[in-house]
Number of protein chains: 2
Amino acid sequence: MTMEEGTLNSPSRCELTEEEYEAFQWDTREDCEVRQILDRVADKWSLLVIALLDLNTLRFTELKYKIDGISQRMLTTTLRHLERDGLVSRTVYPVVPPRVDYALTPLGMTLHKTIQSLVTWTEDHRSEIAVARDQYDKRVNA
Amino acid sequence: MTMEEGTLNSPSRCELTEEEYEAFQWDTREDCEVRQILDRVADKWSLLVIALLDLNTLRFTELKYKIDGISQRMLTTTLRHLERDGLVSRTVYPVVPPRVDYALTPLGMTLHKTIQSLVTWTEDHRSEIAVARDQYDKRVNA
DNA sequence: CAGTATCCAGGACGATACTG
DNA sequence: CAGTATCGTCCTGGATACTG
């Protein structure tokens with residue numbers, strides 16, 4: 001297993017020999033590129049915006065309406081970030097009143113499967129998590 | 001397609017007829033269970049802790065050492081949250097000096113594939129993202 | 001409609017000191 | 001070693017008001 005450069009992309013433990021395992025080290029440096037991108041993608045609002053835009057192109061107000069609890073400011077910020085990263089495209093129509101459409105770029109679309117997997121996991125295990133929380137709280141308050 | 005209750009788990013657009021698509025609506029309510037869990041799992045530090053523990057059991061200090069930039073306080077907080085959600089187990093050995101091992105629970109282990117998919121995506125596309133950022137910055141500064 | 005600008009509160013977070 | 005406790009800061013993010 002070559003490891004020219006540190007990486008967050010790790011094999012599962014069982015795929016490694018004892019030696020390989022010992023040698024393996026993640027790159028968790030705060031300034032590393034992967035962590036910066038992860039922070040962006042794994043962001044609370046980004047996740048929701050991407051998932052919604054994967055369903056279809058939406059206007060600013062439509063997004064704001066569909067995402068409960070997001071403020072105008074945070075929606076703007078989130079969209080700018082995603083646009084900067086090339087995940088979302090912004091199309092302005094020169095009409096009055098203004099119309100701006102947001103859509104996923106091809107790059108953004110490649111995230112669908114990944115995000116879906118995260119959401120699916122959450123839905124599949126939410127009851128287990130609820131149980132775990134109850135037990136934990138009981139243990140602590142006892 | 002039945003939709004007894006709103007859900008974040010959405011099909012891809014192409015899988016829907018026009019009608020189904022119109023009827024489809026996510027549950028993005030702020031207080032919905034799925035969003036709460038997502039916020040936990042998609043958290044910056046949680047992601048790193050889970051991925052590291054997936055490689056092997058670690059002690060408190062080992063985790064702190066391996067995760068660049070995390071403070072003692074945040075590590076403790078993150079671990080407590082993950083423990084509460086039943087993703088991480090905490091084992092205390094009654095020795096001096098104390099020894100506490102953290103490991104993924106079976107539930108936590110089921111997250112491996114998902115998180116891995118996220119990290120892999122990030123690594124696969126980081127150059128594209130870097131290019132997009134450069135272009136965006138140039139456009140804005142022009 | 002689709003933002004930008006400004007202000008401000010609250011929580012996240014780091015630093016530090018202390019303990020079983 | 002593995003925390004807890006406390007304090008102070010910074011920054012996220014909400015509320016509000018204004019504009020092309």
Side-chain angles (χ1 to χ4, degrees), chain A residues 28-31 35-36 38-49 52-53 56-85 88-103 136 139-141, chain B residues 28-31 35-36 38-49 52-53 56-85 88-103 136 139-141:
Chain A
T28 57
R29 277 170 303 174
E30 200 149 18
D31 59 352
R35 255 185 67 178
Q36 281 175 22
L38 265 185
D39 285 351
R40 170 67 28 80
V41 170
D43 170 74
K44 165 186 184 172
W45 299 124
S46 298
L47 220 56
L48 294 173
V49 168
L52 278 171
L53 289 183
N56 72 333
T57 295
L58 291 173
R59 303 175 62 172
F60 187 86
T61 318
E62 291 171 335
L63 277 168
K64 181 153 168 33
Y65 172 76
K66 280 173 187 285
I67 304 179
D68 180 52
I70 196 171
S71 67
Q72 209 172 35
R73 209 175 81 89
M74 287 318 295
L75 181 53
T76 303
T77 307
T78 303
L79 287 170
R80 291 294 173 277
H81 282 160
L82 292 175
E83 194 194 348
R84 176 165 185 262
D85 285 354
V88 160
S89 68
R90 179 172 178 273
T91 312
V92 183
Y93 298 96
V95 295
V96 180
R99 176 192 182 94
V100 180
D101 280 359
Y102 290 95
Y136 182 90
R139 226 183 318 145
V140 170
N141 295 331
Chain B
T28 57
R29 278 170 303 174
E30 198 150 20
D31 59 352
R35 257 186 64 178
Q36 280 175 23
L38 265 185
D39 285 353
R40 171 65 29 79
V41 169
D43 169 74
K44 164 187 183 172
W45 298 123
S46 297
L47 219 57
L48 293 172
V49 168
L52 279 170
L53 290 183
N56 72 332
T57 296
L58 290 172
R59 304 176 62 173
F60 186 86
T61 318
E62 292 171 334
L63 277 168
K64 180 152 169 35
Y65 172 77
K66 281 175 187 283
I67 304 179
D68 180 52
I70 196 169
S71 68
Q72 206 172 38
R73 211 176 81 90
M74 286 319 296
L75 181 54
T76 302
T77 306
T78 302
L79 286 170
R80 290 296 172 275
H81 283 160
L82 292 175
E83 192 194 351
R84 177 165 183 261
D85 286 354
V88 160
S89 69
R90 178 172 179 273
T91 313
V92 182
Y93 298 97
V95 295
V96 180
R99 176 192 182 96
V100 180
D101 280 359
Y102 291 95
Y136 182 90
R139 226 184 317 144
V140 170
N141 294 330

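Proteins get letters first, then strands, A, B, ... in listed order; numbering begins at 1 in each.
Distance alone, capped at 3.5 Å, is enough to place a donor-acceptor pair between the B/S46 side chain and the B/R40 backbone.
Comparing C/dT4, D/dA2, D/dG20 by their nearest atom to the side chain of A/P98 picks out D/dG20.
The base-pairing partner of D/dA17, taking Watson-Crick or G-U wobble contacts with both distances under 3.5 Å, is C/dT4.
Between A/W45 atom CH2 and D/dG14 atom C1' the separation is 10 Å, expressed in whole Å. Note: CG (B/L75) to P (C/dA12) measures 17 Å, nearest angstrom. Residue B/M74 contributes atom CE, which lies 13 Å from atom P of D/dT4 at whole-angstrom precision. With rounding to whole Å, B/D68 atom CG is found 15 Å from C/dC13 atom C1'. With rounding to whole Å, B/E62 atom CD is found 12 Å from D/dA2 atom C1'. Here the C1' atom of nucleotide C/dA2 and the CZ atom of A/R90 are 8 Å apart, to the nearest Å. As rounded to whole Å, 8 Å separates atom P of C/dA2 from atom CG of A/D101. Protein atom CZ of A/R80 is 11 Å distant from nucleotide atom P of C/dA5, rounded to whole Å.
Under 4.0 angstrom from either OP1 or OP2 of C/dA2 there lies at least one side-chain N or O belonging to A/T61. Remark: B/R73 is not in phosphate contact with D/dA5, judged by side-chain N or O atoms under 4.0 Å from OP1 or OP2. Dashed line: the shortest gap from a side-chain N or O of A/Y65 to OP1 or OP2 of C/dC1 is not under 4.0 Å. Distances shorter than 4.0 Å separate some side-chain N or O of B/R59 from OP1 or OP2 on D/dA2. In this structure, A/T76 does not reach the C/dG3 phosphate: none of its side-chain N or O atoms is under 4.0 Å from OP1 or OP2.
From B/Y93, atom OH reaches atom CG of B/D101 across 4.5 Å, with rounding to the nearest 0.5 Å. Between A/R80 atom CZ and B/Y136 atom OH the span is 5.5 Å, to the nearest 0.5 Å. Atom CG of residue B/L75 and atom CD of residue B/Q72 lie 8.0 Å apart, to the nearest 0.5 angstrom.
Contact record, A/K64 with A/I70: NZ-O, 3.4 Å, taken as the closest heavy-atom pair.
Residue A/Y93 is out of contact with every strand shown, counting any heavy-atom pair closer than 4.0 Å.
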